[in-house]
Amino acid sequence: MQVQITVNKKPRTDEVEPRQLLVHYLRDTAGLKATNVGCDTTSCGACTVLLDGVSVKSCTVLTAQADGGTVVTVEGLGGTADGGQMHPVQSAFREEHGLQCGFCTPGMVMASVGLLSENPNPTEHEVREGLEGNYCRCTGYHNILRAVLLAAQSPDAGKPEAQVSA
Amino acid sequence: MSILGTRVVRNEDPELLTKGGTYTDDLIDERLDGAAHLIFVRSPVAHARILSIDTSEALKLPGVVAVYTAADVDLPIINPPMPMFNQDMTQTPLASDKVRYVGEPVAIVVCDDPYIREDAAELVEVEYDILPAVIGMPNAAKDEVLLWESVGTNTVVDFGTPDDLDPNLFDDCEVVVSHLIQNQRIHPAPMESRSGAASWPEGERLTAWIPSQGAQGAKAALAAQLGIDAAEVHVLTPDVGGAFGARFGADVEMVLTAWVAGKLHRPMRWSETRYENLLAMTHGRAQEQRVTIGGSRDGNMKKYRLEVLADCGAYPKIGGILPSLTRLMTPGTYVFDKAESIAKAVVTNTTPIGAYRGAGRPEATAAIERAVDIFAAEIGMDPADVRRKNLVPKFTEPHLTAFGALYDSGDYETALNKALEAANYEDLRKEQQLRRERGDAKQLGIGMSSYVEITGAGSESGDPNENATVEVHPDGTVTILTGTSPHGQGHATAWAMMASDTLGIGIDKITVIHGDTDLIPKGGGTGGSRSLQQGGMAVQKASIELVDIARTRAAELLEANEADLQFNIDDSGFSVAGVPSSTVTLAKLAEKERLFINAVFAAPGATFPFGAHLAVVEVDVETGKATLERIFCVDDAGVVMNPLLFDGQRHGGIAQGAAQAFLEEFIYDEDGNPLTASFADYPFLSATEVPSFDLVSMVTPTTYNPMGVKGVGEAGTIGATPAVQNAVVDAVSHLGVRHIDMPTSPRVVWEAIEAARSNSNSNGKVA
């Protein structure tokens, strides 16, 4: 079947299998390898992306369901793809050491952007609740929490196009 | 000011945050163009004879390239890895006559399209003659059902026997308490499941991409298991999404991926599902321990005995050797008149056991720290007082234990006191007392641990040493080649800091390369918290030696005596004393002739970091639910090189330790069926289940390397696990509970409370 999806600001038209998952569309059809698969059960959140502005686990969305929609992955966040700056959430993850091996990071960052778009000034408890569906084995979540709270100091951290100042 | 010791954010982060890492599944490489995808047909039963395998239906499916079974695989038998293991417990890469655990590879299906892999695998028909499964270490030790009938026993190795135990050990003790303790099986659960890729064109060398903790060790293992010369193998390490001890060497799946690539002369890719990962990546821990401790009523601990029964899973792997490390660390931070320990490792019909963060040492700490609390409860003394009374006094010269461990430096009492002070221990006890008096549903538990552990004991290649190559290029950039193998630890930043500090070149100009066996033929990888104290020190040593070489060249160029040259960190160059105009930079010196050196740093031995953790939990006595409220951690691993990385290692370990204490367990039923083979069933710790951690600083340098650093990677799983477990027990100790096994899940805690209550009720009736 044919789908039209805008991925990281670029409109695409692709022929895909009806049973293809969105995460495989992003990785294999669109060639965007940052979004990872960490489990088979929608438990870990490594595959989290924004679909029409809402964070979703792309292993549990069919490509067909995204037809006509807009997807943002970590590659399209902020301005680095066009030579610009990192998104406030990306920058905060670096500043607070909110990542180690990096595997959960693209999903964790996108879930954090989704969280901040819904709740720009979350409490610690709200950040922990908001990221409950995103697993990390390296950080114990300590610095991820700090990173999201730091990012929340940027007023537009919930917007995928936001950039930190150079 | 030196960059060492300062908080430096990571060089590797911008790429990981904006493009994502390049993990094995992400590889785009022309050597892998046209790759086929393979999948393993895995045993659905724990113990069975294979009667027949029918691959005909699978081969008929369009897109299936080939199907292989053990009959097709002409590879050497895999022998148990340690000489002291029972050498008859051999394995074939694909199961041949028998399967011995759920998840064991039985056949390989090769497909053009990864989307048909699972469909194809389901078409392979395997007929099994089911045998009784051996589950649980005590059952295995009975030798009633054998995994290898011809071997005659399930015992892999004995480290001492009951005959070695002193029958009169506790004769002089006023109080003796004993308990059986489970250190449950858990899954390492890195976020990236396993994968591999291989290219082996006809007449050429094998190139294998293996996400590992050390390419050089993986290469040696791969060559040995393929039965070829190591020179025929080139191993590359892509980014690795976590390892935690479970990614050393080359797993059979990776060996077989390479073998198929060579057989078909077609590039191969393999990646497993999380379900497969939970079944077939090595598991960790899995010890049953009997602790017995004796002493006097005034709190003097005199004697201690630790008896370990360790599970190797279905095939003896590195897990079989870990009980010897547990044994080595038997007495922990305490002085005993005498302590003794024996261990036995057995096979069962479960996933093989390997290393998991701490690998043998957390098990020792868990045992002794529980034993101390049980002893304290028996004599009615505060567990902090009992510990203080029995700790090894502060020492600066190495302290040799009766078990042969040489602790390099330590001050255990200060560590414990720092944790108690940070937590306001006295206030916590008062709050606990109030809640007990009120009979609150939510009771407070305070648990502590004092620990000492081993880091940098050696490498995959044996001795405690590591090499590094440092090169300064004419454009002023630097390349470091390291034999360590980071997978989250931040070596790209840390090694750049080490070189920058000596060379005077900014870390943004320094590239760190690892995991390419052509570029870096030797290396011990990353594990056992060895990297900084050996690999980092090698970078420093190479940098110092590089400046020495440069000095000789600069002296020639500037026509000066070497003794008159001074090296200026600020501009990375030499100047002649008293002649300001006569200068030359390292970069300039690299123009005429390559400026590089390889150096090996050899440590005199392992270091023994130590610390103390104090956990505060709330336990709902009506539901059994334990919640970790605070955890205060003193982790003294010597001098801190980058506090950002140091604390990050602690955080991750603390979370994993806490998760073992109250959450995680890999469970089999009595037939050997795994009950936790997905992340929906295996209780992976989430952000809502831990608090932020309270880290307390303490620095006792080691003399074993110029910087005074020890390893910190495993501190958290060693210190936090018993602290949290002790806290949960402590929360309900006033109800008569003396011990609760991990994981202290609501059901287990509730049952312990109920058992204690009915026990005290029935005691009351008798009285």
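In what follows, chains are A, B, ... by sequence order, proteins preceding strands, each numbered from 1. Just so it is clear, the values below take in all heavy atoms, side chains as well, and ignore hydrogens, waters and symmetry mates.
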Open item on the list: Please list all pairs meeting salt bridge (Lys or Arg N to Asp or Glu O under 4.0 Å) that have one or both residues in residues 55-75 of chain A, counting only residues at least two apart or in different chains.
Closed with: none

Open item on the list: Could you work out, with side-chain hydrogen bond (donor to acceptor under 3.5 Å, both in side chains) as the rule, every residue matching B/Gln660, not counting sequence neighbours?
Closed with: B/Asn183, B/Gln184, B/Arg285

Task: Contacting moiety of B/Leu645, where chain A heavy atoms sit under 4.5 Å - done: both

Task: Option in A/Val89, A/Thr41, A/Val74, A/Asp40 with maximal non-hydrogen atom pairs under 4.5 Å from chain B - done: A/Asp40

Task: A/Arg94 side chain to B/Thr18 side chain, donor-acceptor N/O pair below 3.5 angstrom - done: no

- [ ] Please flag which part of B/Pro486 lies under 4.5 Å from any non-hydrogen atom of chain A: side chain, backbone, both or neither.
- [x] neither

- [ ] Name the region of B/Val690, side chain, backbone, both or neither, that has any atom closer than 4.5 Å to a heavy atom of chain A.
- [x] both

Task: Pairing of B/Glu664 and A/Arg137 as salt bridge, 4.0 angstrom limit - done: yes

Task: Contacting moiety of B/Glu192, where chain A heavy atoms sit under 4.5 Å - done: both

Task: Residues of residues 20-31 of chain A contacting chain B, heavy-atom criterion under 4.5 Å, by residue number - done: A/Gln20, A/Leu21, A/His24, A/Arg27

Task: Atom group of B/Phe244 that falls short of 4.5 Å from chain A, counting heavy atoms - done: side chain

Task: Proximity breakdown for B/Glu15 and chain A, heavy-atom pairs closer than 4.5 Å - done: neither

Task: Pair listing, ring pair (Phe, Tyr, Trp, His ring centres under 6.0 Å) test, anchored in residues 110-141 of chain A, at least two apart - done: A/Tyr135-B/Phe679, A/Tyr135-B/Phe684

Task: Parallel, tilted or perpendicular, as decided by the 30° and 60° cut-offs, for the rings of A/Phe103 and B/Tyr23 - done: perpendicular

Task: Atom pair CG/NZ of B/Asp25 and A/Lys33 - distance to nearest 0.5 Å - done: 7.5 Å

